[in-house]
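Only this structure's heavy atoms are used, side chains among them; waters, hydrogens and symmetry mates stay out. Every chain is numbered from 1 and lettered A, B, ... according to where its sequence line falls, protein lines coming before strand lines.
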Amino acid sequence: MNKLDKILIRVQKPSRYAGGEWNAIKKDWDQVSVKMAFAFPDVYEVGMSHLGLQILYHVVNKRKDALLERVFAPWIDMEKELRKEKMLLFSLESQRPLVDFDILGFTLQYEMSFSNILNMLDLAGLPVRSAHRDASMPLVIAGGPCAFNPEPLASFIDLFVIGEGEEVLGELLDAFKKLRDQGVDRPTMLQQLAKIPGIYVPSLYTVQYHDDNTIAAVTPVNEEVPAKIGKRIVRDFDNVDFPTKPIVPTMGVVHDRVMVEVLRGCTRGCRFCQAGVLYRPVREKTPETLVRQVEEMISNTGHDEISLTSLSTADYTGVAPLVKNLLDIYGERGVNVSLPSLRLDAFSIDLAKEVQKVRKSGLTFAPEAGSQRLRDVINKNVTEQNLVDAVTSAFQNGWSSVKLYFMIGLPTETYEDLDGIVNMAKKVVQIGYQCGVPKGRLKVTVSTSSFVPKSHTAFQWEPQDTLEELREKQRYLKEKLRDKRISYNWHDSQTSFLEAVFAKGDRRLGEVLETAWTKGARFDGWSELFNYRAWMEALEQESIDPKWYAYRKIPYEEILPWDHLDAGVSKRFLIREHKKAMDSHPTVDCRAGKCPGCGLCPTLEIKPTILGGADIDTLQGEI
Amino acid sequence: MTRYRVKFSKDGPARFSSHLDMVRFFDRSTRRAGLPVAFSEGFNPHPKFSFAAPLPVGIAGMDEYMDMDLTTSLNPEEVASRLNTNLPEGYKILDVKQISDRAKNLMAILSRASYRAIAENPQGYDEVMLQAALAELMALESITIIREVKGKRKEVDLRPGIFRLSGGVMGHIIEINMELLIGSTGNVRPEEVLNILFQAGGIPVHPEDFQIRRTALYTDGDTGLISLWEV
Ligand code: SF4
């Protein structure tokens with residue numbers, strides 16, 4: 001009996017490692033020139049719920065000369081078995097060790113998965129540091145939202161893909177194949193790959209620091225390397241390849257359904273939101289494309305649910321007719337439609353009503369802040385009246401439980417804003433009673449996460465609240481929200497603190513990451529495994545003060561660790577947004593046709609694609 | 001509504017899927033196959049499948065059964081072929097036949113299962129030693145073990161549920177065949193039997209080193225055991 005079979009009998013949820021899913025692609029290894037593994041630094045259930053994985057799986061495997069196989073972070077029981085049996089981490093499809101691949105690509109969805117990346121490299125039998133790997137080992141690359149500030153990973157990853165991967169990955173594979181066939185060494189390879197737009201090779205930049213630890217300069221090592229790396233975007237989003245034969249997971253995963261991406265980007269401009277910047281401009285797919293893709297996906301997977309995904313699906317121009325159309329087609333076949341995020345308005349309730357005709361599970365709204373003043377600060381353009389209308393409509397239409405999502409620790413927040421959260425929650429309870437929701441069934445859940453300042457946003461200069469402040473605020477809310485009908489839960493503030501340190505971190509944090517990993521840090525996003533002590537010890541050992549990263553108010557003039565990675569939205573626009581935030585001034589959304597001048601469209605020579613919407617006259621200069 | 005009995009096997013990567021996951025697979029597969037599966041009524045309708053007995057994770061099944069209701073009547077060969085082309089790696093439909101919708105529930109009639117366990121034969125171990133170990137176990141009057149059921153420890157006697165043990169050493173391979181109690185009246189798991197043989201010292205192979213297959217499922221007939229397929 002082979003070693004793997006023996007191990008799999010011993011571990012929890014062995015399907016995580018067994019492969020063999022419907023629509024998984026197992027190519028003839030010897031017939032393919034470039035072999036790449038897609039490494040997701042979290043468990044199977046999380047990774048398989050990620051649309052980006054399915055997209056890139058399709059993009060690479062469509063090529064005759066390349067293959068892409070998957071690998072996920074082994075859970076701690078599996079790690080133990082692998083180490084005990086001296087087995088190397090392997091891919092799901094061919095069960096080959098990762099060292100056999102040409103390229104190993106990590107996706108960076110969340111800062112708290114960084115320690116898993118080091119661990120996976122180690123389990124693969126590879127040195128964790130780029131400098132210790134040569135051309136005989138896989139090229140280690142990474143992409144995804146956290147690649148926009150990848151500096152803490154600069155010593156471990158050979159190159160980063162900045163922006164959307166669909167097109168640039170193909171260019172990268174072509175170039176890799178050519179260079180590898182020429183037999184070049186790793187430094188030459190990297191120097192050449194750095195010429196591809198959107199590719200960032202951290203070893204080709206030196207970072208100098210001032211005595212006060214701030215950055216003095218980030219300089220390319222030679223003239224061939226670009227000083228700034230601009231993000232890649234898909235221009236023709238309606239026609240871009242989309243995986244209509246996605247892999248159907250073998251076990252229950254977080255999102256076990258067909259995911260169709262109706263639009264990319266979001267125009268709302270919430271000032272804390274990084275995704276809103278990274279995925280600009282907004283691009284909508286046509287309803288014809290969507291209906292066709294859904295049909296193919298349903299017949300290729302057998303899923304019984306269609307999820308219309310995006311950052312803000314309710315904003316899609318034809319969302320109501322689209323939903324209605326899909327329900328007409330699939331309702332009979334027992335296939336449901338779901339919307340991942342709801343806007344706070346009566347229109348969204350109508351949509352929710354359509355899709356949840358039978359089973360009324362709870363509704364979630366995200367007012368984000370408790371007072372109008374603070375919502376203007378963060379540019380969350382919803383009013384208390386919107387909330388009142390939305391929940392009234394929800395209760396009248398048969399829902400009895402509502403979840404409200406807020407962020408605490410936002411810039412300028414005071415206890416008055418927290419009182420606003422409390423008042424909102426109580427008001428929702430009142431509305432519930434007025435709408436005749438039975439006492440026993442009425443339930444309002446308030447959830448708070450803690451604000452984490454992120455790169456490339458208007459709040460990138462802002463400090464995070466201290467652990468003590470956040471805990472005090474959580475305690476305060478817990479006390480004030482004592483009510484039978486209301487339940488309150490909050491996000492662990494230690495995790496948010498570390499997230500802020502890495503979200504705004506520079507290269508010096510690489511040492512901390514490596515030390516924390518050797519001290520046992522893994523799966524830091526999983527509360528049962530998060531080892532705060534290991535991190536604090538590692539910071540101490542490397543003489544790095546995490547507070548300096550998370551709690552410092554940064555002046556506009558300072559060079560930020562990610563300034564050389566350009567998301568297209570200009571820094572001047574962000575400064576202006578930051579100033580407006582401090583004055584509680586909202587900014588309009590460019591969807592309505594008026595461009596507030598974020599600088600992205602002129603820089604990337606693109607325009608938002610809003611169906612039947614106004615042809616936005618994008619401001620050419622920055623304001 | 002027409003009821004079908006489906007005979008299938010589950011091997012390869014599919015061995016590692018839990019029963020619950022397998023039920024979901026069949027739902028997805030029948031949808032892909034375009035089979036008109038009947039659904040239960042209610043808020044949370046689910047497909048009308050009923051399985052004989054869950055397979056423990058890690059054990060392959062060569063002779064597994066499920067009953068399935070379709071809203072329209074189809075030729076059983078067509079059901080089989082449509083399903084076969086839509087099953088993930090490791091699953092195979094072996095046969096399909098139409099049965100009466102008053103046929104007794106598979107789970108209710110199931111009484112016995114056969115298993116085959118195979119492992120690498122350790123150096124110096126031979127047929128004589130194996131036969132002695134098997135005979136020794138069969139000679140016991142009772143075999144009490146402690147099972148943990150929902151956090152509670154319970155004593156059970158396995159012996160009445162062990163009907164037959166046989167085996168052989170063939171070259172590098174050691175093979176053990178077991179006929180064990182399964183179903184509504186109780187259950188003896190093959191790993192439990194292998195563990196007793198290992199603990200007693202009769203067989204020097206750890207239960208985890210065996211690859212186990214469930215080879216047949218039976219019900220008690222008037223004249224002896226009959227396969228679920230023959231019912
Ligand atoms: S440049 Fe104007 S239209 Fe284009 S994304 Fe920015 S704000 Fe919107």
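At least one side-chain heavy atom of A/Asp5 sits less than 4.5 Å from a side-chain heavy atom of B/Arg15.
When all heavy atoms of B/Glu89 and A/Lys26 are compared, the closest pair comes out as OE2-NZ, 3.4 Å. Taking all atoms of both residues into account, the shortest heavy-atom contact from A/Arg10 to B/Glu208 is NH1-OE1, 2.7 Å. B/Asp21 and A/Ser15 get closest at one heavy-atom pair: OD2-OG, 4.3 Å. Taking each heavy atom of A/Gly20 and B/Pro88 in turn, the nearest pair found is O-CB, 3.7 Å. Residues B/Pro13 and A/Ala18 come closest through the heavy atom pair CB-O, 3.6 Å.
Residue B/Glu136 places its CD atom among 12 or fewer non-hydrogen atoms of other residues, nucleotides or ligands, all under 6.0 Å distant. More than 12 non-hydrogen atoms from other residues, nucleotides or ligands lie less than 6.0 angstrom from NZ of B/Lys97. Dense packing is recorded around CD of A/Glu528, with more than 12 heavy atoms of other residues, nucleotides or ligands lying under 6.0 Å away. A/Arg441 CZ: 12 or fewer foreign heavy atoms inside a 6.0 Å radius. Within a 6.0 Å sphere centred on CZ of B/Arg28, other residues, nucleotides and ligands contribute more than 12 heavy atoms. Within a 6.0 Å sphere centred on CD of B/Gln123, heavy atoms belonging to other residues, nucleotides or ligands number 12 at most. Within a 6.0 Å sphere centred on NZ of A/Lys27, heavy atoms belonging to other residues, nucleotides or ligands number more than 12.
Top candidate by heavy-atom pairs under 4.5 Å with chain B, chosen from A/Asp304, A/Val335, A/Val248, is A/Asp304. Taking A/Pro249, A/Gly334, A/Gly302 one by one and counting their heavy-atom pairs under 4.5 Å with chain B, the maximum is reached by A/Gly302.
Side-chain atoms of B/Arg32 never come within 3.5 Å of backbone atoms of A/Asn300 as a donor-acceptor pair (strictly under, hydrogens ignored).
Of the residues listed (A/Val11, A/Thr250, A/Ile9), the one engaging B/Phe16 in a side chain to side chain contact (heavy atoms under 4.5 Å, CB included) is A/Ile9, and it is the only one.
Distance check, rounded to the nearest 0.5 Å: CE of A/Met251 to CZ of B/Phe25 gives 10.0 Å. The distance from atom OG of B/Ser17 to atom NZ of A/Lys13, rounded to the nearest 0.5 Å, is 13.0 Å. Residue B/Gln211 holds its CD atom at 12.0 Å from NZ of A/Lys6, rounded to the nearest 0.5 Å.
Using a 4.5 Å cut-off between non-hydrogen atoms, no part of residues 162-179 of chain B approaches chain A.
Only the backbone of A/Arg333 comes within contact range of chain B, with at least one heavy atom under 4.5 Å from a heavy atom of that chain. Only the backbone of B/Leu87 comes within contact range of chain A, with at least one heavy atom under 4.5 Å from a heavy atom of that chain.
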